[in-house]
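Step one of this worksheet: look at the structure below.
Residue numbers start from 1 in every chain, and the chains themselves are labelled A, B, ... in the order their sequence lines are given, proteins ahead of strands.
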Amino acid sequence: MKVLFMGTPEFAAVSLRRLAKEKDLRISVVTQPDRPQGRHMILTPSAVKKEALAHGFPVFQPESLKDGAFMETLAAVNPDLIAVVAYGKLLPEYILDYPRLGCINLHGSLLPAYRGAAPIQRMVMDGVKIYGVTTMYMGKGLDTGDMLEKWSARLQDDDDFGTVSDRLSKEGAELLLSTVRKAEEGTLHPIPQKEEEATYAPKIGKADCFLNFEGSAREAHNRIRGLFPVPLAYTVLAGKTLKILKSEIDCEKGNGEEPGRVLHCDERGILVACGEGRLRLLTVRPEGKGTMSAADFIKGRGILQGQKLGH
RNA sequence: CGCGGGGUAGAGCAGUCUGGUAGCUCGUCGGGCUCAUAACCCGGAGGUCAUGUGGUUCAAAUCCCAUCCCCGCAA
């Protein structure tokens, strides 16, 4: 069976790696063009491209899917099925209609909740009870297609974006393979999404990462772990950004203290008043410095107690 | 070559502008105080100041040059 795999980040590369173990699949890969990335704007290939090259799969990196050039590529590859995982662009209708067995997408949430670009971060930031992944036939809209298979688990207190993403990429890869096999056999049972239950998970922006402690301690804690290990939540201390990597909830009840005020500093961390409850910062990264425990941050910088975080 | 901050004792920092004996907080080791202690007091050990056996100088953590590494912004 000829499969065209479309994906870009590491989350997608895990699925590609899994499919690559299936010797009967003839895989071609489409991924985003290399982009200048990082501190020195170095042209960097996507995680999926690296994975594809490691297996010797043909790789295509069209700037656009809408012009004629990609039509020729599609015709040349002539896939029986297209598998899409976090590719980063909506597919035009002619592609959706092309493969005989359809276009199957792996999405990082339990649809119809958290449609969109950043479902995993948003699930953790919202502190959902159950998280999961869904495979679906791709529709014209954003993550609107009929659902095929799901996998889910309970969100643990110590989970963060990193652990959940890691788990979902692995379980999602198995789920995608399962769905691909069932598509091949013709044993899938598509279930339409209930539009009225749909929610959206837009891309994470800078504003999503800012923490001013005005919400509850639990909200702040969920934001911090939902953004760990990237791109990280941050606040502002004395005019400089302070990234926050780890935290714990000290208490959840309101106590009328000014949000963002540093109440106490000791070897356990930095205790901060929130709109509701108190949060203890455990691991931070000051501007221009490396990651350090909050206790280390306190040393050498004098007392932080009474200072205000967030502006 | 996108812009910028940083690399000093096990950890976190000051000292660099204005070259001249290596400092602070904590940890660690020893001693003291105490019914006792994570508290307090006294003392000790621990540093080629990222790298170059680079340049300038009577003298370099400090000024100049090159390289490596970490981080913030931007994308």
Side-chain angles (χ1 to χ4, degrees), chain A residues 6-13 30-50 59 61-65 86-90 116-118 120-122 125 160-162 165 201-213 220 223-248 250-251 260-272 278-311:
Chain A
M6 302 178 74
T8 302
E10 179 59 31
F11 184 85
V30 174
T31 190
Q32 295 285 331
D34 296 2
R35 305 283 190 206
Q37 270 193 336
R39 198 119 41 207
H40 302 288
M41 301 301 279
I42 294 164
L43 207 59
T44 309
S46 72
V48 162
K49 181 178 180 180
K50 290 179 193 165
V59 177
Q61 299 178 277
E63 279 293 342
S64 168
L65 299 175
Y87 172 62
K89 276 182 182 158
L90 286 177
I120 305 175
Q121 290 97 321
R122 300 284 179 187
M125 285 165 73
D160 55 47
F161 169 53
S165 183
K203 200 172 113 181
I204 300 292
K206 178 127 175 141
D208 295 305
C209 301
F210 180 63
L211 197 60
N212 59 11
F213 304 97
R223 183 173 298 272
I224 289 164
R225 64 191 182 124
L227 297 171
F228 178 88
V230 283
L232 298 179
Y234 76 98
T235 188
V236 178
L237 173 64
K240 294 200 170 182
T241 70
L242 180 68
K243 301 214 169 184
I244 303 167
L245 288 81
K246 297 273 191 187
S247 62
E248 67 179 20
D250 181 72
C251 66
R261 189 65 68 188
V262 175
L263 301 172
H264 191 67
C265 293
D266 58 26
E267 66 283 354
R268 289 180 301 170
I270 301 168
L271 189 63
V272 185
R278 294 167 170 176
L279 189 71
R280 191 183 323 279
L281 310 185
L282 302 176
T283 310
V284 299
R285 179 153 67 213
E287 193 177 313
K289 294 291 183 180
T291 299
M292 63 185 76
S293 69
D296 280 346
F297 179 64
I298 294 162
K299 292 173 190 168
R301 285 168 207 262
I303 305 290
L304 290 165
Q305 192 168 334
Q307 284 187 286
K308 184 138 186 265
L309 294 170
H311 277 237

For this session: Look at the side chain of A/Arg285 against the base of B/rG72 and say whether a donor-acceptor pair falls under 3.5 Å; ignore hydrogens and angles.
Result: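 Answer no: no donor N or O sits under 3.5 Å from an acceptor.
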Could you work out the separation of [N] and [M] based on their [atom1] atoms and round it to a whole Å?
{"N": "B/rG23", "M": "B/rG15", "atom1": "P", "result": "15 Å"}
{"N": "B/rU56", "M": "B/rG44", "atom1": "P", "result": "40 Å"}
{"N": "B/rC26", "M": "B/rA39", "atom1": "C1'", "result": "15 Å"}
{"N": "B/rC71", "M": "B/rG55", "atom1": "P", "result": "33 Å"}
{"N": "B/rC64", "M": "B/rU57", "atom1": "P", "result": "16 Å"}
{"N": "B/rU21", "M": "B/rG5", "atom1": "C1'", "result": "31 Å"}
{"N": "B/rU25", "M": "B/rC65", "atom1": "C1'", "result": "35 Å"}
{"N": "B/rC73", "M": "B/rU28", "atom1": "P", "result": "35 Å"}

Exercise. What residues form a side-chain contact (heavy atoms from CB on, under 4.5 Å) with A/Ala233, not counting sequence neighbours?
Worked result: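 In terms of side-chain contact (heavy atoms from CB on, under 4.5 Å), with neighbours along the sequence ignored, A/Ala233 is linked to A/Ile224, A/Leu227.
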Any side-chain N or O of [X] below 4.0 angstrom from OP1/OP2 of [N]?
{"X": "A/Arg35", "N": "B/rA75", "result": "no"}
{"X": "A/Arg39", "N": "B/rC71", "result": "yes"}
{"X": "A/Lys243", "N": "B/rG72", "result": "yes"}

Exercise. Mapping A/Pro36 and A/Thr241 to their closest nucleotides on RNA chain B, which lands nearer the 5' end?
Worked result: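 The residue closer to the strand's 5' end, by nearest nucleotide, is A/Thr241.
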Exercise. Nearest nucleotide by nearest heavy atom, which residue falls closer to the 5' end of RNA chain B, A/Gln37 or A/Gly290?
Worked result: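 Looking at the nearest nucleotide for each, A/Gly290 comes out on the 5' side.
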Paired with [N]: which nucleotide, if any, by Watson-Crick or G-U wobble criteria at under 3.5 Å for both distances?
{"N": "B/rG2", "result": "B/rC73"}
{"N": "B/rC40", "result": "B/rG32"}
{"N": "B/rC68", "result": "B/rG7"}
{"N": "B/rC13", "result": "B/rG23"}
{"N": "B/rU56", "result": "none"}
{"N": "B/rU18", "result": "none"}

Measure the distance from [atom1] on [X] to [atom2] on [N] and round it to the nearest whole Å.
{"X": "A/Glu267", "N": "B/rA11", "atom1": "CD", "atom2": "C1'", "result": "14 Å"}
{"X": "A/Leu242", "N": "B/rG12", "atom1": "CG", "atom2": "P", "result": "15 Å"}
{"X": "A/Asp266", "N": "B/rG27", "atom1": "CG", "atom2": "P", "result": "13 Å"}
{"X": "A/His40", "N": "B/rC73", "atom1": "NE2", "atom2": "C1'", "result": "13 Å"}
{"X": "A/Met292", "N": "B/rU25", "atom1": "CE", "atom2": "P", "result": "19 Å"}
{"X": "A/Ile298", "N": "B/rA11", "atom1": "CD1", "atom2": "C1'", "result": "13 Å"}
{"X": "A/Phe297", "N": "B/rG72", "atom1": "CZ", "atom2": "P", "result": "14 Å"}
{"X": "A/Asp296", "N": "B/rU25", "atom1": "CG", "atom2": "P", "result": "16 Å"}

Exercise. Within the structure shown, what part of the strands sits under 4.0 Å from A/Lys240 by heavy-atom distance: base, sugar-phosphate, or nothing?
Worked result: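 Nothing: the residue A/Lys240, judged by heavy atoms under 4.0 Å, touches no strand.
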Exercise. If you look at every strand shown and take non-hydrogen atoms under 4.0 Å, does A/Met41 touch a base, only sugar-phosphate, or nothing?
Worked result: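 The residue A/Met41 makes base contact.
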Exercise. So, are A/Glu248 and A/Arg280 salt-bridged, with charged N and O less than 4.0 Å apart?
Worked result: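 Salt bridge: yes.
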Exercise. Does a side-chain N-to-carboxylate-O contact under 4.0 Å join A/Lys203 and A/Asp208?
Worked result: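 So A/Lys203 does not pair with A/Asp208 through a salt bridge.
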Look only at the side chain of [X] and the backbone of [Y], and say whether a donor-acceptor pair between them is shorter than 3.5 Å.
{"X": "A/Arg225", "Y": "A/Leu245", "answer": "no"}
{"X": "A/Gln61", "Y": "A/Gln32", "answer": "yes"}
{"X": "A/Thr8", "Y": "A/Tyr87", "answer": "yes"}

Problem set entry | Side chain of A/Lys289 (C-beta onward), nearest among B/rC71, B/rA11, B/rG6 |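 Of the candidates, B/rG6 comes closest.
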For this session: Apply salt bridge (charged side-chain N to carboxylate O under 4.0 Å, His left out) to A/Lys289 and list each qualifying residue two or more places apart in sequence or on a separate chain.
Result: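 Residues passing salt bridge (charged side-chain N to carboxylate O under 4.0 Å, His left out) with A/Lys289: none at all.
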